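These notes concern the structure reproduced below.
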Amino acid sequence: MYEKVGNILKTAKESNTAAIAFICMDYVMARTVVYAAEATNTPAIVMLFPEHVTIQHTTGFEKYAAMVKELAGEVKVPIGLHCDHDYSYEAIMRTISAGFGSVMMDGSMNDLDTNIAVTKKVVEAAHKTGVFVEGEIGHVGTAADSDNDKTDLYTKPEAAEKFCKESGVDSLAISIGNAHGEYRDTPHLDIRRLEDIHAATSVPLVLHGGSGIPDDQLLVAFSKGINKFNLGTEFLGKYFQSVSDFAAENANNPDPVKIINMPEYVQSKLQPYVEGRMRTLCKF
């Protein structure tokens, strides 16, 4: 069933765990997440990265929102819809008008006061139609640049407290040793910093850059305030490998329309991975 992201995160917070938000660039990935969630009886979030529309053109904003809602209607488990990093008021309004009930305003590249101002403007407009808003304080950079080791980018508890109070965000993405992409070395989350941020704020906390963080660290983080966990790089990599495997296994297949069997094949390869992530990490 289609459920508001805010309600899923409320349940996660009450259960002292996190819901996984999977980056899904198309129908196959989204369907995999929805049916893995149903198989494991685990709430999940299907998440769009805007550049998959604006640059890669794998889908459209309105079509994606409608697609996820239709898929969610096929199962009994709660399924949320979220749009990841948008960077301007105008982009957020476009996303909301397309049917997304949960968005992210990433103003983390700005100074604190500017970040608060731009995020607050989005929050005030979004809340008029009941849309949930995620903000970011500190800066979650890229693993390729080893940004996860740059403590000057980490979220400061006092800044997080000020940001939440003044912007009115519904959830907060933080930087505690995590980064987007593939890590060069094993990351080490700053759990003490997480505890301090959790104590200073009341909203669900979000961990981006989930691919490659050891499970033991993730489980501790989930027990100490992380209620939404974004997973993209690893999932996309497994999608590519599944497509490659299909191509290799069918290299000598003379059927001229063999490609029509690829979506089902790919889902059969991806779904056990997604189910495994849910069973290991989510404690609803």
Side-chain angles (χ1 to χ4, degrees), residues 1-10 19-34 37 43-75 78-110 114-137 140 163-164 166-173 180 203-204 206 208 227-228 230-232 235-236:
M1 64 178 178
Y2 179 64
E3 183 59 271
K4 292 182 178 180
V5 167
N7 290 340
I8 292 176
L9 297 193
K10 181 176 183 291
I20 305 178
F22 291 87
I23 283 285
C24 298
M25 71 176 191
D26 62 11
Y27 181 82
V28 175
M29 296 185 83
R31 190 175 194 275
T32 297
V33 170
V34 169
I45 300 167
V46 176
M47 183 166 64
L48 175 68
F49 188 55
E51 290 183 1
H52 290 154
V53 176
T54 60
I55 297 178
Q56 287 87 33
H57 307 296
T58 63
T59 185
F61 287 105
E62 291 185 9
K63 293 179 177 61
Y64 189 95
M67 171 189 77
V68 174
K69 291 174 184 179
E70 180 180 346
L71 283 168
E74 298 175 5
V75 298
I79 301 294
L81 168 67
H82 177 75
C83 191
D84 206 10
H85 302 266
D86 263 327
Y87 302 97
S88 70
Y89 176 86
E90 293 74 21
I92 292 284
M93 292 304 105
R94 169 211 61 201
T95 303
I96 291 173
S97 67
F100 284 78
S102 179
V103 296
M104 181 190 183
M105 175 61 214
D106 183 357
S108 64
M109 72 294 296
N110 300 308
T114 303
N115 190 0
I116 289 172
V118 297
T119 304
K120 182 179 180 180
K121 181 180 179 182
V122 165
V123 169
E124 289 176 344
H127 283 183
K128 290 178 181 178
T129 55
V131 173
F132 187 91
V133 180
E134 176 183 327
E136 182 174 325
I137 187 69
V140 182
F163 180 82
C164 289
E166 296 186 15
S167 69
V169 288
D170 301 299
S171 66
L172 181 67
H180 298 108
V203 300
V206 182
H208 287 231
N227 300 129
K228 175 173 170 280
N230 290 7
L231 193 56
F235 191 28
L236 288 164

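Count residues from 1 along the sequence. Note: hydrogens, waters and symmetry copies are ignored here, and every other heavy atom, side chains too, is used. Not measured: the values here are computed from a predicted model.
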Any F61 side-chain heavy atom under 4.5 Å of T95 side chain: yes
By side chain to side chain contact (heavy atoms under 4.5 Å, CB included) - contacts of S171 (at least two apart): L9, F132, E134, P204, V206
Would you find a donor on one side and an acceptor on the other, under 3.5 Å apart, between the side chain of Y89 and the backbone of A125? no
Using side chain to side chain contact (heavy atoms under 4.5 Å, CB included), reason through Y64 and D26 one step at a time and then give a plain yes or no. CA-CA 8 Å; Y64 189 95; D26 62 11; over 6 Å; no
Let me confirm one number: the CD-OG distance from E62 to S97, rounded to the nearest 0.5 Å. 6.5 Å
Hey, are the side chains of K228 and I8 touching, using non-hydrogen atoms and a 4.5 Å cut-off? no
Determine yes or no for a side-chain-to-main-chain donor-acceptor pair under 3.5 angstrom, with S102 supplying the side chain and V5 the backbone. no
CD1 on I23 to CG on L236, rounded to 0.5 Å: 7.0 Å
Looking at E70, I want to see if its CD is surrounded by more than 12 non-hydrogen atoms of other residues, nucleotides or ligands under 6.0 Å. no
Interatomic spacing from CG in D170 to SG in C164 - rounded to 0.5 Å: 10.0 Å
Side-chain donor/acceptor pairs under 3.5 Å, residues 44-55, sequence neighbours excluded:
{"unit_1": "T54", "atom_1": "OG1", "unit_2": "P50", "atom_2": "O", "d": "3.4"}

Over all heavy atoms of both residues, which pair between G101 and Y2 is shortest? Give the atoms and the distance, please. N-OH, 4.2 Å
L71 CG to I79 CD1 distance, which is reported to the nearest 0.5 Å: 9.0 Å
Looking at I96 and A126, what are the two nearest heavy atoms and their distance? CD1-CB, 3.9 Å
Donor-acceptor under 3.5 Å (N7 side chain, K4 main chain): no
State, with a plain yes or no, whether a side-chain heavy atom of M104 is found less than 4.5 Å away from one of E136. yes
Is it true that a side-chain atom of T119 and a backbone atom of I116 form a donor plus acceptor pair closer than 3.5 Å? no
Output all residues satisfying salt bridge (charged side-chain N to carboxylate O under 4.0 Å, His left out) with K121, sequence neighbours left out; order by chain, then residue number. none
Report yes if the side chains of N115 and F163 come closer than 4.5 Å at any heavy-atom pair, otherwise no. yes
Please set out all donor-acceptor pairs under 3.5 angstrom arising from side-chain atoms of residues 27-34, sequence neighbours excluded.
{"unit_1": "R31", "atom_1": "NH1", "unit_2": "Q267", "atom_2": "OE1", "d": "3.0"}
{"unit_1": "T32", "atom_1": "OG1", "unit_2": "V28", "atom_2": "O", "d": "2.8"}

Residue pairs, two or more places apart or on separate chains, that pass salt bridge (Lys or Arg N to Asp or Glu O under 4.0 Å) and touch residues 52-61: none
Provide the full list of salt bridge (Lys or Arg N to Asp or Glu O under 4.0 Å) pairs with a residue in residues 78-100, sequence neighbours left out, each pair given once. D86-R94
Report yes if some heavy atom in the side chain of V118 is under 4.5 Å from a heavy atom in the side chain of N110; otherwise report no. yes
